[in-house]
**Student:** 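This structure is in structure tokens; I'll ask about it shortly.
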Amino acid sequence: MKNQKTWIAVILLGTVAVNAGAYLMVRSRKAAQPEPVATRPPVPTPDVAPPPPPVAPPSEDANAGLVRALRASGLAALEDRDYDRAVAQFTEALKLRPNDKDSDLTRLLGIATDLRSRDQGHAAQAPTPREPSPGRATPRTRAAKLAAARAAREQQAAQAGPQEEAKGGLLLVTSTPPGLVVLVDGRAVDLTPARLPVSAGTHRVVLAQGERRLYEETVEVEADAVRSLNRDLTAELTPAAPKPAAVPVAAVVPASPPAASAAPTGGPVAPAHTPEPTPPPEPSVAKAAVAQRGDLEVTSPGLYGEVWINGRPYGFPPISAQALPSGPARVEVRVNGEVKRRMTVEVEPGRSTRVRVK
């Protein structure tokens with residue numbers, strides 16, 4: 001009986017020990033695992049207006065009006081021979097369009113700078129009258145008088161030398177818009193803006209576009225002087241409204257009179273009147289305009305640069321520029337934006353001209 005009670009006690013104690021060990025093991029595992037984070041319901045965000053679109057920077061065309069005004073002021077200054085103001089106006093216009101290197105502003109600035117340097121050089125070379133030295137005595141002998149006269153003649157020849165060399169003048173021709181053909185005394189010489197050295201006297205200046213003459217004027221160029229000619233031909237270049245096509249009118253052939261009234265009885269009968277054939281219609285204006293244009297093929301084996309024709313880029317050589325206005329064309333080869341070669345080529349209507357830049 002006693003042994004039975006002992007075994008019951010041992011079994012109870014073993015059961016308690018096993019349960020306690022299992023409880024401690026489960027508790028240690030729960031302590032090692034992180035506690036789950038309670039999920040929160042999403043907070044509704046208030047409706048937010050989308051950000052405004054970025055404002056585009058002002059384009060360069062916003063300054064087009066100011067650039068035109070500065071260009072006109074600079075041209076007026078060139079006509080007044082105020083070259084300092086002309087240089088300032090053209091420089092300010094180029095600052096508003098720094099990337100516009102193909103416009104005529106760069107060439108106008110170069111012309112104004114050259115003319116200013118020319119005037120400054122003439123002012124520096126102007127002879128100053130020499131005052132007779134008070135200490136020099138009047139020559140009395142014949143030899144001394146001859147020597148003094150020879151020295152005076154040499155001095156006068158030295159002063160008259162620069163004046164005799166300056167036999168020609170400069171002709172400055174500008175236009176709005178630029179790029180018009182300049183003809184001096186019937187010969188095409190350059191495109192506007194142009195700075196042309198001419199002989200002193202009267203010259204006939206013509207501004208043309210292709211075969212169309214837009215303006216003519218006779219100018220007087222004085223020796224060692226600058227004559228400016230500036231004209232706004234925008235209205236003349238505005239295309240006119242097309243004229244309605246003429247409707248061909250059929251020729252009316254009068255009915256032949258009866259034979260009895262054409263000639264008396266028994267007389268010879270007059271031959272019937274045959275209508276003259278109508279002339280062929282004239283070619284259209286479009287065909288005439290195409291006939292006045294030509295092509296240029298430019299190659300540059302010795303210099304690799306971008307080809308510009310009449311202020312427009314055409315790519316790297318060899319290039320083929322088609323349908324150019326007939327007459328002189330300004331061809332330039334630019335390397336990194338700098339003009340390395342410049343020439344004037346005559347574009348023949350209806351033909352392709354080859355140009356080789358050396």
Side-chain angles (χ1 to χ4, degrees), residues 67 71 74-75 78 83 86-87 90-91 93-95 97-118 121 168 170-185 187-198 205-210 226 229 292-358:
V67 170
R71 179 181 180 274
L75 293 177
L78 285 179
Y83 303 128
V87 170
F90 294 142
T91 303
L94 282 174
K95 287 181 180 179
R97 287 191 173 181
N99 298 327
D100 195 3
K101 297 181 180 179
D102 59 334
S103 65
D104 66 322
L105 292 174
T106 305
R107 192 172 183 185
L108 287 173
L109 178 60
I111 291 174
T113 305
D114 293 343
L115 292 176
R116 182 177 64 178
S117 302
R118 177 177 177 274
L170 289 177
L171 180 61
L172 178 60
V173 184
T174 55
S175 67
T176 303
L180 301 180
V181 181
V182 182
L183 294 93
V184 179
D185 298 332
R187 185 171 60 92
V189 291
D190 203 348
L191 302 177
T192 58
R195 177 179 179 269
L196 308 173
V198 296
V205 181
V206 178
L207 296 179
Q209 186 184 44
V226 180
L229 179 63
Q292 294 178 1
R293 294 180 176 269
D295 302 340
L296 277 184
E297 296 182 4
V298 183
T299 59
S300 179
L303 179 64
Y304 188 71
E306 190 175 10
V307 178
W308 290 62
I309 301 177
N310 294 338
R312 292 181 55 190
Y314 281 82
F316 291 87
I319 63 101
S320 178
Q322 300 178 354
L324 295 175
S326 60
R330 186 169 65 247
V331 180
E332 297 176 350
V333 179
R334 302 185 182 184
V335 179
N336 296 330
E338 182 180 358
V339 179
K340 294 296 184 180
R341 297 288 188 275
R342 179 185 288 117
M343 63 182 65
T344 302
V345 181
E346 187 73 19
V347 178
E348 299 182 6
R351 298 185 60 184
S352 179
T353 305
R354 295 184 178 180
V355 181
R356 182 183 177 92
V357 181
K358 299 181 180 180

**Student:** If you look at every heavy atom in Asn310 and Ala329, which pair is closest and at what distance?
**Tutor:** OD1-CA, 3.4 Å
**Student:** Roughly how far, to the nearest 0.5 Å, is the CG atom of Leu109 from the CG atom of Asp104?
**Tutor:** 11.0 Å
**Student:** Measure across Glu346 and Pro328 and return the closest heavy-atom pair with its distance rounded to 0.1 Å.
**Tutor:** OE1-N, 3.7 Å
**Student:** For Glu332, give me all partners under side chain to side chain contact (heavy atoms under 4.5 Å, CB included), at least two apart in sequence or on another chain.
**Tutor:** Trp308, Arg330, Arg334, Val339, Arg342
**Student:** Is there a side-chain contact between Val298 and Arg356 (heavy atoms, below 4.5 Å)?
**Tutor:** no
**Student:** Checking Val67 against Leu105 for the side chain to side chain contact (heavy atoms under 4.5 Å, CB included) test, could you report, in this order, the C-alpha distance in whole Å, the side-chain angles of both residues, the deciding distance, and whether it holds?
**Tutor:** CA-CA 10 Å; Val67 170; Leu105 292 174; 3.9 Å; yes
**Student:** From Leu296 CG over to Ser320 OG, what is the distance, rounded to the nearest 0.5 angstrom?
**Tutor:** 8.5 Å
**Student:** Check Pro317 against Gly305 and note the closest heavy-atom contact, atom names and distance.
**Tutor:** CD-O, 3.0 Å
**Student:** So Thr106 and Leu94, do their side chains get closer than 4.5 Å, heavy atoms only?
**Tutor:** yes
**Student:** Can you give me every donor-acceptor pair (side chain of residues 171-185, partner residue at least two apart or in another chain, under 3.5 Å) with its distance?
**Tutor:**
from	atom 1	to	atom 2	distance (Å)
Thr174	OG1	Asn230	OD1	3.0
Ser175	OG	Pro177	O	2.9
Ser175	OG	Thr192	OG1	2.8
Thr176	OG1	Arg71	NH1	2.8
Asp185	OD1	Arg204	N	2.9
Asp185	OD2	His203	ND1	2.9

**Student:** For a side chain to side chain contact (heavy atoms under 4.5 Å, CB included) check, start with the C-alpha distance between Arg341 and Leu303, then their side-chain angles and the critical distance, and finish with the verdict.
**Tutor:** CA-CA 9 Å; Arg341 297 288 188 275; Leu303 179 64; 3.6 Å; yes
**Student:** Please identify each residue that fulfils salt bridge (charged side-chain N to carboxylate O under 4.0 Å, His left out) with Arg116, with sequence neighbours left out.
**Tutor:** Asp84
**Student:** Any side-chain to backbone donor/acceptor pair from Arg293 onto Gln322? Under 3.5 Å, distance only.
**Tutor:** no
**Student:** Rounded at 0.5 Å granularity, tell me how far CD in Gln209 sits from CG in Leu191.
**Tutor:** 11.0 Å
**Student:** Would you find more than 12 non-hydrogen atoms of other residues, nucleotides or ligands less than 6.0 Å from Arg118 atom CZ?
**Tutor:** yes
**Student:** Taking C-beta and beyond as the side chain, do Leu170 and Val198 meet within less than 4.5 Å on heavy atoms?
**Tutor:** no
**Student:** Hey, are the side chains of Thr299 and Val355 touching, using non-hydrogen atoms and a 4.5 Å cut-off?
**Tutor:** no
**Student:** Do the charged groups of Arg107 and Asp190 touch, with an N to O distance under 4.0 Å?
**Tutor:** yes
**Student:** How long is the span from the CZ atom in Phe90 to the CG atom in Leu108, to the nearest 0.5 Å?
**Tutor:** 4.5 Å
**Student:** Taking all atoms of both residues into account, what is the closest heavy-atom pair of Pro301 and Val357, and its distance?
**Tutor:** CD-O, 3.6 Å
**Student:** I would like to know whether Val226 and Leu115 meet side chain to side chain contact (heavy atoms under 4.5 Å, CB included); could you show each step before the answer?
**Tutor:** CA-CA 9 Å; Val226 180; Leu115 292 176; 4.2 Å; yes
**Student:** Could you check if a side-chain atom of Arg351 sits within less than 4.5 angstrom of a side-chain atom of Asp295, using non-hydrogen atoms only?
**Tutor:** no
**Student:** To the nearest 0.5 angstrom, please state how far the OH atom of Tyr314 sits from the CG atom of Leu324.
**Tutor:** 5.0 Å
